[in-house]
J.: 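After the structure tokens below, expect a handful of questions from me.
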Amino acid sequence: MQAHSLSLSSLQAFQSLCHGAAVDGGWWNSLAWRDPDARKHFIAGKLALVHSEVSEALEAFRKDLMDDHLPERKGMEVEMADAVIRILDLAGALHLDVFGAAMEKIRYNATRADHLPANRALPGGKSI
Ligand SMILES: [Mg+2]
């Protein structure tokens, strides 16, 4: 694995940017967010919206579409960006350290036997 110069604080600042933009846009004004009984459903809805962006990315990929709003960019890349933005918005609201967890997960995955190319090629191995 290549060493990199990613700054965790810069990534966390990007997460704050994503959540702050959503707050400024009024996406967190719902009464459901403030109601302890309804909050879990509100959060579930936010996660479902991540799904929707991934589905949009799949459709853009299948049809080789350019994005409607940023026409110089591939639809797939813009929809993937939408998914990242939605993930980081929710993570910001819930004070989750997604980037710290991602870095730990990359390191952990590098130690997994079932992720080794030779093991993935075995019958029953992970082909995708
Ligand atoms: Mg989208």
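Order of listing sets the numbers, starting from 1, for every ligand and every atom in it.
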J.: Can you check salt bridge (Lys or Arg N to Asp or Glu O under 4.0 Å) on Glu59 and Arg62, steps first, answer last?
T.: CA-CA 5 Å; Glu59 280 306 294; Arg62 290 178 66 212; 2.6 Å; yes

J.: Considering just N/O/S atoms, say which atom of Glu79 is closest to the Mg ion (ligand 1).
T.: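 It is OE1 of Glu79.
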
J.: What N/O/S atom of Glu53 gets nearest to the Mg ion (ligand 1)?
T.: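 Distance check against the Mg ion (ligand 1) picks out OE1 in Glu53.
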
J.: Can you tell me which N/O/S atom of Glu56 has the shortest distance to the Mg ion (ligand 1)?
T.: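 Looking only at N, O and S atoms of Glu56, the one nearest the Mg ion (ligand 1) is named OE1.
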
J.: Of all the N, O or S atoms in Asp82, which has the shortest distance to the Mg ion (ligand 1)?
T.: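 The Mg ion (ligand 1) is closest to the Asp82 atom OD2, counting only N, O or S.
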
J.: Please give me the minimum heavy-atom distance between Phe99 and Gln12, naming the atom from each residue.
T.: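 Looking at all heavy atoms of both residues, the closest pair is CD1-N, 4.2 Å.
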
J.: Mind checking whether Met103 and Leu8 have side chains closer than 4.5 Å, heavy atoms only?
T.: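 Side-chain contact under 4.5 Å: yes.
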
J.: Does any part of the side chain of Lys46, heavy atoms only, come nearer than 4.5 Å to the side chain of Arg86, both counted from C-beta?
T.: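 Heavy-atom side-chain distance check fails, nothing below 4.5 Å.
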
